[in-house]
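Just so we're on the same page: letters track the sequence lines, and every chain starts at 1.
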There are 2 protein chains.
Amino acid sequence: MTDTSPPNTRQKTGRARTGDAGSVRTLERGLNVLTSLAELGQASLTQVAKAAGLSASTTYRLLETLRQGGFVEWEERSGLFSVGVRAYQVGAAFAGRNTLMNAAQSEMISLVGDLGETANLAVLRENEAVYIHQVEGSQLVRMFAQLGAGTLLNCSGVGKVLLAWQGEEDVAGRLGAQPYAAFTPNSITTLPAYLKELAKVRSQGYALDDEEREIGVRCMATPLRDHTRQVVASLSISAPTSRFSREQVPAFYERMDAASRVISARLGWTP
Amino acid sequence: MTDTSPPNTRQKTGRARTGDAGSVRTLERGLNVLTSLAELGQASLTQVAKAAGLSASTTYRLLETLRQGGFVEWEERSGLFSVGVRAYQVGAAFAGRNTLMNAAQSEMISLVGDLGETANLAVLRENEAVYIHQVEGSQLVRMFAQLGAGTLLNCSGVGKVLLAWQGEEDVAGRLGAQPYAAFTPNSITTLPAYLKELAKVRSQGYALDDEEREIGVRCMATPLRDHTRQVVASLSISAPTSRFSREQVPAFYERMDAASRVISARLGWTP
DNA sequence: TCCCTAGTTTGCGTACAATGAAAATCAAGT
DNA sequence: ACTTGATTTTCATTGTACGCAAACTAGGGA
């Protein structure tokens with residue numbers, strides 16, 4: 001979960017390697033193929049090759065190897081590739097061992113029980129927030145977030161929380177080029193506005209996504225910290241505005257803050 | 001989901017490649033490292049190297065590459081590796097696209113609603129049955145199956161179902177050397193006994209795991225078929241013997257059979 | 001029916017990437 | 001400090017992954 005400083009970031013000699021330092025190119029490419037395929041969902045050889053930026057023959061051999069390992073499936077009928085069971089198994093290993101998910105599980109359930117809305121757990125990964133766990137609310141309205149999916153950092157509550165306690169240069173780097181993509185008129189699209197918002201998040205202790213990602217959906221996110229006191233994840237509740245008004249914000253926060261504290265404590269956090 | 005005949009199983013020239021044909025060794029090794037790590041859960045470099053059967057330096061570079069890609073995480077404090085978020089994301093892509101899971105979801109929920117016990121969905125992968133989906137029962141007793149985990153084929157209901165309509169040589173191959181591992185005195189440990197059991201499964205249309213894996217747990221599994229009429233997955237219900245007696249078998253079967261037929265139909269199966 | 005086109009698969013020679021051995025660091029015990 | 005064990009880096013060598021191009025497929029269109 002830490003994943004902070006790579007063992008060998010420092011490049012003693014200024015020698016410019018192909019990509020990053022100490023990497024095995026072939027594996028890098030293979031993982032790229034797998035990731036591309038995951039994003040495409042289902043694709044032909046050439047589509048994957050194009051997405052991964054590799055030649056057809058190379059892609060063919062990599063896909064074939066992935067297939068033999070069960071990480072990729074190949075439907076004979078259509079000739080299309082898709083992600084295989086083995087990938088799912090490995091991913092499940094992450095979920096099983098993950099201390100974060102285990103620490104959060106019971107609190108999330110009780111939170112959902114009290115508020116009736118869907119709770120999500122997200123972590124920061126490169127330049128997106130990834131939802132790694134979800135407990136669905138009792139309500140019938142299906143919430144947007146797809147498990148395992150990445151979300152843009154500029155227009156989600158969890159994104160704000162995950163960046164709020166990071167350095168400004170880091171924040172800017174992760175957000176990329178302005179103006180940021182907007183989903184609704186409320187989306188924040190510039191760095192200054194975003195930094196200002198982060199300051200607000202820090203002072204109030206929670207972030208709000210006020211129909212910034214989807215009209216009619218409000219969302220509150222709180223930080224989870226571990227023994228290092230760093231924010232390692234974000235807990236969030238999403239609900240249609242009809243059931244989550246501005247007036248309810250304090251009440252929601254009180255409940256979410258309590259849950260966050262319990263989870264953080266389980267992760268070794270001390271106030 | 002099909003994954004039947006590899007594009008190039010036929011070896012024209014008898015040229016013996018290192019392992020299988022047309023594989024990229026480095027990627028193969030990298031995936032091996034990832035899989036080994038997934039099984040170990042959390043491990044040091046040397047442990048992974050040993051598990052994957054590679055030299056320390058090679059393993060180091062592969063792990064480092066996997067880490068850069070987010071497939072592996074490295075906890076600075078302990079220096080241990082574990083599976084990373086990216087692997088989870090890719091696995092989630094499998095779950096999302098998977099027609100099988102989508103087809104089964106609603107029926108599994110209704111099944112659990114009616115029977116009150118945990119339902120599982122499993123597919124065949126190499127020589128194990130992999131649980132890919134689960135809907136937990138309302139009862140408080142936690143069932144054994146871990147999502148994404150593989151189960152031995154000889155002592156589980158889903159294993160029997162998944163093999164029952166396969167050729168005998170295939171069955172024997174997947175089960176490996178006799179005697180098979182036994183978990184309880186009821187476990188089937190020899191091929192003849194297992195084949196006889198499979199015949200029974202074929203004639204009655206369901207398989208029973210009668211405390212063969214764990215004393216006190218009974219389990220019923222039924223086949224799911226797709227448009228090819230092949231068995232592509234197995235649905236199962238597990239319950240403590242106290243709530244699932246032999247007398248209840250016919251009643252359970254009636255309900256499960258109905259669910260199986262609905263799911264199979266969604267997969268394009270025609271009677 | 002037979003091309004024609006776009007996609008997939010295989011052969012082959014070469015460049016260079018991945019490798020293991022061993023050296024260099026690093027981290028803890030004793 | 002000394003020893004032991006694990007991790008990281010260097011380095012020369014080999015064999016592997018690569019791209020090109022050729023051989024195959026397969027699905028339309030005319």
Distance-only donor-acceptor check, side chains B:Gln68 and B:Thr65, under 3.5 Å: no
B:Glu28 CD - C:dT19 C1' separation (whole Å): 16 Å
Parallel, tilted or perpendicular: ring planes of B:Tyr194 versus B:Tyr180, cut at 30 and 60 degrees: perpendicular
Over 12 non-hydrogen atoms of neighbours within 6.0 angstrom of CD in B:Gln178: yes
Under 3.5 Å side-chain donor-acceptor pair for A:Thr270 and A:Arg229: yes
Length of the line joining B:Asn32:CG and C:dA18:P, which is rounded to integer Å: 17 Å
Length of the CG-P vector between A:Leu66 and D:dA17, whole Å: 13 Å
Criterion side chain to side chain donor-acceptor pair (under 3.5 Å) on B:Ser55 and B:Arg61, from CA distance to verdict: CA-CA 10 Å; B:Ser55 79; B:Arg61 285 179 290 241; 5.6 Å; no
B:Thr26 side-chain N/O to C:dA17 phosphate OP1/OP2 under 4.0 Å: no
Value in whole Å for how far the P atom of C:dA27 lies from CZ of B:Arg77: 16 Å
Atom-to-atom span, CG of B:Leu54 to P of D:dT7 - whole angstrom: 15 Å
Euclidean distance, atom CD of residue A:Glu76 to atom C1' of D:dT25 [Å, nearest integer]: 14 Å
Whole-Å distance separating the CG atom of A:Leu27 from the C1' atom of D:dT16: 15 Å
Derivation of the side chain to side chain donor-acceptor pair (under 3.5 Å) call for B:Ser36 and B:Glu39: CA-CA 5 Å; B:Ser36 303; B:Glu39 278 162 13; 5.5 Å; no
Side-chain donor/acceptor of A:Ser57 to base of D:dC20, under 3.5 Å: yes
Earlier contact from the 5' end, DNA chain C, for A:Gly79 and B:Leu62: A:Gly79
NZ or CZ of A:Arg225 within 45° of A:Trp165 ring axis and under 6.0 Å: yes
Below 4.0 Å: OP1/OP2 of C:dT9 and any side-chain N or O of A:Arg61: no
Selection: residues 36-48 of chain A, any non-hydrogen atom under 4.0 Å of DNA chain C: A:Ser44, A:Leu45, A:Thr46
Atom-to-atom span, OH of B:Tyr60 to P of C:dA21 - whole angstrom: 19 Å
A:Arg25 vs C:dC16: side-chain N/O to OP1/OP2 distance below 4.0 Å: no
